[in-house]
Amino acid sequence: MSHGPVMLDLQGTELLPEEREMLLHPAAGGVILFARNYASPQQVYQLVREIHALRTPALLVAVDQEGGRVQRFGDRLTRLPPAAWYAGRAGIARAQAVHAAREGGWLMAAELRALGIDFSFAPVLDVDRGASTVIGDRSFGASATLVAELAQAWAHGAREAGMASVGKHFPGHGAVAADSHHELPVDEREFEDLWLEDLVPFRRLIEGGLEAVMPAHVVYPAVDGLPAGFSRRWLGGVLRERLRFQGVIFSDDLNMAAAAVAGEHAERAEAALAAGCDMVLVCNAPAAAGVVLERLAAYRDPVAQSRLVRLHGKGGTTLQRLHEAPRWRRALELVSTSPEGATLALDLD
């Protein structure tokens, strides 16, 4: 059984019988975990093992573990700083900020790999224009070149720990005030402005081997009347052709309000896949997820399959051994120099 095109979520800390059935559906391809799915490292490790054991190749298991406001797993894992914390260090010593970003990316990935997680939906590559509260300190800064430099270092660190990176939110969510979770944002800028600014981090990281991208549920009318995640111009013309991106394209959550422009959930999934996405996310809507699975039961894309299989995590160790590693202790000390980086209680057993 190959990877299907749909990534689903779960209700709690254990896999329910009906969820197991959904994950065995041929259209299922992965699972995204949230804070409600995490009680302890051992619990989530067992949950991920159970998910991975369901199929061959194993379903992909992901989480949003950016740091700062967006960190789904907490207890007994490092409380990671937001991306903006690294940018703050860059004003003092840029080389040290780049080093800290690399170690922060490695630390995030090393801890998640110890739990069996394949990848995190990170880093955020949006340039902070001071307009978007939903982005804000999730961005590595207001300078496109600084965002590119710090995010590249962060992705390198994650790769050293055996984890792929997912750059988001293509081509850039940082200049709109509207939150796509609740409404449809519109960015009126011309393509040339986006190319010279917001697209710089995506261009740099793609040149450096970025493994996956997540487009924004944002409309850029100067380019296309559809949100980027449903736009063949953005995903095919710009991302695949102009930027020569060869990795995976994930839709953002199709349950978000901004995605409603494409119709009901099944229509949204079909539209995203037709535009160029390799896998679509349907979160917090189990009934709708079931409808999407059935609609896509016969869907096959061998090229997408070849891309998705590369996102499985590599290597990894136990948390016990990781906590004994000199690099973990050095990285912990680095990111713990701010309140956002302070760790929660760490029981090393």
Side-chain angles (χ1 to χ4, degrees), residues 64 66-70 82-87 121-148 150-151 166-206 210 212-239 242-243 245 249-263 268 271-272 275-277 280-281 283-284:
D64 287 306
E66 301 169 14
R69 290 179 290 148
V70 183
W85 179 79
Y86 302 103
F121 282 108
V124 169
L125 301 185
D126 303 311
V127 179
D128 181 16
R129 300 294 179 197
S132 175
T133 56
V134 74
I135 300 301
D137 65 357
R138 296 168 65 194
S139 168
F140 284 96
S143 161
T145 55
L146 179 62
V147 171
L150 293 177
V166 184
K168 59 187 188 185
H169 306 83
F170 176 84
H173 199 310
V176 289
D179 180 351
S180 54
H181 292 84
H182 308 294
E183 56 186 313
L184 179 60
V186 178
D187 190 330
E188 301 283 358
R189 288 177 296 166
E190 298 294 325
F191 177 78
E192 291 74 16
D193 297 325
L194 292 161
W195 180 261
L196 293 173
E197 292 290 337
D198 296 60
L199 279 165
V200 169
F202 291 95
R203 290 159 53 190
R204 297 279 179 82
L205 267 75
I206 287 170
L210 180 64
V213 164
M214 175 179 282
H217 286 324
V218 176
V219 174
Y220 307 84
V223 179
D224 195 349
L226 293 171
F230 299 110
S231 168
R232 296 188 187 205
R233 292 183 183 177
W234 277 116
L235 303 187
V238 178
L239 188 54
R242 187 158 183 177
L243 297 182
F245 178 62
I249 302 177
F250 288 98
S251 81
D252 206 342
D253 180 11
L254 296 183
N255 197 42
M256 292 165 62
V261 67
R268 299 174 199 181
C277 289
V280 298
L281 277 70
C283 306
N284 304 306

* Distance, nearest 0.5 Å, that separates CG of Leu184 from CG of Leu226 -> 10.0 Å
* Just wondering, do Asp187 and Leu194 contact through their side chains at under 4.5 Å, heavy atoms? -> yes
* If you take all heavy atoms of Ala275 and Gly229, which pair is closest and at what distance? -> CB-O, 4.2 Å
* Shortest non-hydrogen contact from Phe191 toward Val238 -> CE1-CG2, 4.0 Å
* Structure fact -> With sequence neighbours left out, the residues meeting side chain to side chain contact (heavy atoms under 4.5 Å, CB included) with Ala228 are Pro171, Pro215, Tyr220, Trp234
* Non-hydrogen side-chain atoms of Phe230 and His217 separated by less than 4.5 Å -> yes
* Structure fact -> By side-chain hydrogen bond (donor to acceptor under 3.5 Å, both in side chains), Arg204 pairs with (sequence neighbours left out) none
* Does any non-hydrogen side-chain atom of Glu188 lie less than 4.5 Å from one of Pro221? -> yes
* To do: Please identify each residue that fulfils salt bridge (Lys or Arg N to Asp or Glu O under 4.0 Å) with Asp253, with sequence neighbours left out.
  => none
* Presence of salt bridge, Arg129 and Glu197, under 4.0 angstrom -> yes
* Asked: Quick one: side-chain hydrogen bond (donor to acceptor under 3.5 Å, both in side chains) partners of Arg268, sequence neighbours excluded?
  -> none
* Using atom types as modelled and distance alone, determine if a side-chain donor or acceptor of Ser139 lies under 3.5 Å from a backbone N or O of Asp126. => yes
* To do: Kindly determine whether Val219 and Val261 satisfy side-chain contact (heavy atoms from CB on, under 4.5 Å), including the steps that lead there.
  => CA-CA 10 Å; Val219 174; Val261 67; over 6 Å; no
* Answer whether the closest heavy-atom distance between the side chains of Ile206 and Leu239 falls below 4.5 Å. => yes
* Charged N to carboxylate O below 4.0 Å: is that the case for Lys168 and Asp64? -> yes
* Asked: Does the side-chain contact (heavy atoms from CB on, under 4.5 Å) test come out yes or no for His169 and Val218, once each step is laid out?
  -> CA-CA 9 Å; His169 306 83; Val218 176; over 6 Å; no
* Asked: Looking at side-chain heavy atoms only, is the closest gap between Phe140 and Leu125 below 4.5 Å?
  -> no
* Structure fact -> By salt bridge (Lys or Arg N to Asp or Glu O under 4.0 Å), Arg203 pairs with (sequence neighbours left out) none
* To do: Please name all residues satisfying ring pair (Phe, Tyr, Trp, His ring centres under 6.0 Å) with Phe245, sequence neighbours left out, ordered by chain then number.
  => none
* To do: Name all residues meeting the side-chain hydrogen bond (donor to acceptor under 3.5 Å, both in side chains) criterion together with Asp252; count only those two or more places apart in sequence or in a different chain, and write none if there are none.
  => none
* To do: Enter the distance from Trp85:CH2 to Asp137:CG here, rounded to the nearest 0.5 Å.
  => 13.0 Å
* Could you list the residues that satisfy side chain to side chain contact (heavy atoms under 4.5 Å, CB included) with Glu183, not counting sequence neighbours? => Ala178
* Determine the minimum heavy-atom distance between His181 and Met256, stating which atoms define it. => N-CE, 3.7 Å
* Structure fact -> In short, Ala272 meets Val280 closest at the heavy-atom pair CB-CG1, 3.8 Å
* Quick one: side-chain hydrogen bond (donor to acceptor under 3.5 Å, both in side chains) partners of Arg233, sequence neighbours excluded? -> none
* What residues, two or more places apart in sequence or in another chain, satisfy side chain to side chain contact (heavy atoms under 4.5 Å, CB included) together with Ser132? -> Val134, Ile135, His173
* Structure fact -> Across all chains, not counting sequence neighbours, the side chain to side chain contact (heavy atoms under 4.5 Å, CB included) partners of His182 are Asp179
* Taking every non-hydrogen atom, the tightest pair across Ala148 and Pro201 -> CB-CA, 3.8 Å
* To do: Over all heavy atoms of both residues, which pair between Ala258 and Pro227 is shortest? Give the atoms and the distance, please.
  => O-CG, 4.4 Å
* Atom CE in Met214, atom CG in Leu281: separation rounded to 0.5 Å? -> 5.0 Å
* To do: Please name all residues satisfying ring pair (Phe, Tyr, Trp, His ring centres under 6.0 Å) with Phe250, sequence neighbours left out, ordered by chain then number.
  => Phe119, Phe121
